[in-house]
Each structure stands twice: as structure tokens, then as C-alpha cells.
Amino acid sequence: MDIAFAAQPIDRADHLRTDPAKLAELRTGDALLLVLDGLAPETEEGGALQWAPIADAPADAELVFLGLLESGKAAFAAVPQAGDPDPAYAHRKSWNAIALMPTGDLAIYGGARSLLDWHARHRFCAKCGAPTHPAKGGWQRNCEACEAQHFPRVDPVAIMLVEHEGRLLLGRQARFPPRSYSALAGFVEPGETVEEAVARETFEEAGVRLRDVRYIASQPWPFPSQLMIGCIGRTDDPTLAIDTSEIEDARWFTRDQVAEAIEKGKESTGFLPPPPQAIAHYMLRWWLEQTR
């Protein structure tokens, strides 16, 4: 089972990021520019990412060095005029393209989108308010006024399956499509472990106490830049106390109900599962494999 936005095929070539002369040389060679509409991907027929000669980049564009493609060519992307704070579900054009995109291209796009969005929304220094400028090939921004250095952020999110006697607890937010349920999730807060975040978020959202929390898998999620950390935990008491300010509903589902949802997708007579691009979908498939 593949995890979307993972399996990055690009060589990040960190040793080149600190070599301005080499980066300048790459920008005058046969390097390629990722074609985007703002932060949305432009794709070829069949779903592959579009690339253009680096010469097509606007003269005043802030260029980010993504790394070296499997062909050996350098890959760049231009920072858009504005970032995008909207949640993933708001990006219909991006989701239509993502559904058809090959695994490797999806990973390249995801990484590029997160990085470019960070640049577009961090053009001013958080310390003194002066303008910042790309450095280290676009993997850093520097403030010339106060000499502060700023780095791309990744926000850790705990996403969890909650198990009780062969059933799974899944929840839904009000913005979800009708009948859609997914794994509970929440940001890891300062001063806590991933396991503590899993237990805290489950109790806050559903009133369920967890034990035996363990890791399943992780996924980079570029809306805007999360690291989804998939876990599973068990509870001895399935009684729910739902915080409706956090989620709209939460329910226990049997293995047969989960299996039918995954197998039939939109044709399911029960609940609708998360889309295949979400780690929650992977986690449900993983659980079905583990509980055969």
C-alpha cells in the first residue's frame, strides 16, 4: 500500500544548496521549472506534472531549488505572489489533478507546494518585521536588517485509530461530505510526545481514554505543511462524550462496516471512507490487514 505524497524520487542535493555559484550555474543550464497555477499543479495528459525550461521563469521570481530529478536535471519552482491558508478540501483543481498524478510526481508536488506556500507567507521577519530574502537555495529565508534566519516549518499532527473489541472509532467534522467518517486527529502541542497527543486528542474530542498507543506510519501533507503521524490505541471503555466544538459526530464501526466502505468507496451503503490520498485511508486498509 502506497502512502500519497511519500516516496520522494527527487535528490534534495543539500550540498548544492550552500553553493551559490553552483546554483547560479544550474539556473543557466538545462534546469527545469515546475509549472504551477499559483500553488495548484498544471499537469500533462495522463496526470504527470508539467515542466518548462528554467528560462521561462519570470526575471524577478524567487526561485526555490527543489533538487535533482532522476534524469539528473536540476528542478526549480517559483514562489507565487500569495500563500494559501485554506484547508485541503477547498482546492478542487488541485484534488482533481492529485487523483490522477503518478506517485513520484505527487511526492514532488507535495514537497514543492509546502515549501512555496511557506515562502509566500513569510516574506517578512517575525523578529523585526523587515523584508526577508531566500537563502540556501530556497530552504531558508534571511533578514538583512536583524540577521535572523528563518526555516520552513512542518507541523506535526497525530492521527489515530481507536480500537475496542474489534471495532474502530471514527469521527466526522461538519465540513465533511455527508456520511463521511475518518480517523480522529489533532496537532501535537509543545511539551508532549506523539503518544500523549494521541491520548489527549482522543479524550478531548470523544471522551475516550486510550492505552497501548503505537505508531503505524507517517505522511507529509501539503495543506499547508503537516506531518501526519498515524497511530493506533485501545480503550477499555467505549462510552462516548463528543465535544461538538471539535467534531460533529463519532461512532464505532465494525470490521465488516470498515471493509465495505473501503471496498465500495462512494458506493458504500454505510459510511464513506477518507479519500485514497489521505493517510487515514491507508490506516484503515492497514487495520483490515492486521485483523484478518
Side-chain angles (χ1 to χ4, degrees), residues 1-7 40-41 43-49 86-110 113 157-186 202 205-206 216-223 226-233 240 242 246-292:
M1 292 182 287
D2 292 330
I3 297 180
F5 301 108
T43 56
E44 306 281 357
E45 184 176 352
L49 289 170
D86 292 334
Y89 69 87
H91 303 282
R92 183 59 60 87
K93 177 178 180 179
S94 294
W95 277 106
N96 290 341
I98 284 168
L100 301 175
M101 204 175 291
T103 300
D105 281 14
L106 192 55
I108 292 173
Y109 169 67
R113 188 191 192 284
V157 174
I159 181 167
M160 46 278 188
L161 298 180
V162 179
E163 191 174 35
H164 177 262
E165 296 182 354
R167 299 183 300 165
L168 282 186
L169 177 64
L170 303 175
R172 60 170 283 110
Q173 296 184 7
R175 61 177 174 78
F176 284 10
R179 298 196 298 125
S180 295
Y181 283 79
S182 186
L184 303 182
T202 301
E205 293 186 354
I216 298 174
S218 64
Q219 178 192 42
W221 185 251
F223 298 99
Q226 280 95 44
L227 177 64
M228 309 298 292
I229 306 169
C231 295
I232 186 169
L240 301 180
I242 300 169
E246 293 273 353
I247 57 176
E248 182 180 72
D249 187 30
R251 300 181 188 179
W252 291 101
F253 294 93
T254 66
R255 188 186 187 283
D256 286 346
Q257 289 173 315
V258 174
E260 195 235 7
I262 290 296
E263 179 183 350
K264 295 185 178 180
K266 293 182 179 179
E267 304 304 318
S268 170
T269 58
F271 74 95
L272 299 182
Q277 295 80 19
I279 191 175
H281 186 100
Y282 171 92
M283 291 165 65
L284 291 179
R285 287 188 175 275
W286 174 89
W287 183 74
L288 291 173
E289 288 288 331
Q290 300 300 308
T291 54
R292 274 185 170 181

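Each residue takes its place number in the sequence, starting with 1.
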Donor-acceptor under 3.5 Å (Q219 side chain, Q277 main chain):
yes

Listed by chain and number, what are the side chain to side chain donor-acceptor pair (under 3.5 Å) partners of E246, not counting sequence neighbours?
none

Contacts satisfying ring pair (Phe, Tyr, Trp, His ring centres under 6.0 Å) that involve residues 260-292 (not counting sequence neighbours) are F253-F271

Minimal non-hydrogen separation, S94 against P41, with atom names
OG-CD, 3.6 Å

State which residues pass salt bridge (Lys or Arg N to Asp or Glu O under 4.0 Å) with K93; sequence neighbours excluded, sorted by chain then number.
D37, E42

Of all pairs that satisfy salt bridge (charged side-chain N to carboxylate O under 4.0 Å, His left out), the ones with a partner from residues 275-292, not counting sequence neighbours:
E289-R292

Separation of L106 CG from R113 CZ (nearest 0.5 Å):
12.0 Å

Does some side-chain heavy atom of I229 sit less than 4.5 Å from a side-chain heavy atom of V157?
no

Can you measure from SG (C231) to CD1 (I159) and round to the nearest 0.5 angstrom?
10.0 Å

Sorted by chain and residue number, the side chain to side chain contact (heavy atoms under 4.5 Å, CB included) partners of T202 (sequence neighbours excluded) come out as M160, V162, L184, V198, V208, L210

Using side chain to side chain donor-acceptor pair (under 3.5 Å) as the criterion, list what pairs up with T103, not counting sequence neighbours.
none

Any side-chain heavy atom of L240 within less than 4.5 Å of one from W252?
yes

I'd like to check the side chain to side chain contact (heavy atoms under 4.5 Å, CB included) partners of L272; sequence neighbours left out, ordered by chain and number.
R179, S180

Nearest 0.5 Å please: distance from the CD1 atom of I3 over to the CE atom of M228.
11.5 Å

What salt bridge (charged side-chain N to carboxylate O under 4.0 Å, His left out) pairs are there with at least one residue in residues 162-174, not counting sequence neighbours?
E163-R234, R172-E248

By side chain to side chain donor-acceptor pair (under 3.5 Å), S268 pairs with (sequence neighbours left out) E260

Begin with the C-alpha distance, continue with both residues' side-chain angles, and end with the deciding distance and a verdict on side chain to side chain contact (heavy atoms under 4.5 Å, CB included) for T254 and L168.
CA-CA 7 Å; T254 66; L168 282 186; over 6 Å; no

I need the minimum non-hydrogen distance between P220 and L227, along with the two atoms involved.
N-CD1, 4.1 Å

Under the side chain to side chain contact (heavy atoms under 4.5 Å, CB included) criterion, do L100 and T43 qualify, and how do the steps go?
CA-CA 9 Å; L100 301 175; T43 56; over 6 Å; no

Would you check, one step at a time, whether the test side chain to side chain contact (heavy atoms under 4.5 Å, CB included) holds for F5 with I279?
CA-CA 10 Å; F5 301 108; I279 191 175; over 6 Å; no

Closest heavy-atom contact between D105 and L49?
OD2-N, 2.8 Å

Within the 4.5 Å heavy-atom criterion, are H164 and L169 side-chain neighbours or not?
no

Partners of L288 by side chain to side chain contact (heavy atoms under 4.5 Å, CB included), sequence neighbours excluded?
R255, V258, A259, I262

Considering residues at least two apart in sequence or located in another chain, which fulfil the ring pair (Phe, Tyr, Trp, His ring centres under 6.0 Å) criterion with Y109?
none

P274 side chain reached by L284 side chain, heavy atoms, under 4.5 Å:
yes

My understanding is that only residues two or more places apart in sequence, or in another chain, count here; which of them pass side chain to side chain contact (heavy atoms under 4.5 Å, CB included) with N96?
R92

How long is the straight-line distance from CD1 of I108 back to CE of M101, given to the nearest 0.5 Å?
10.0 Å

Closest non-hydrogen atoms of F223 and I98, given as atom of the first, atom of the second and distance, are CZ-CD1, 3.9 Å

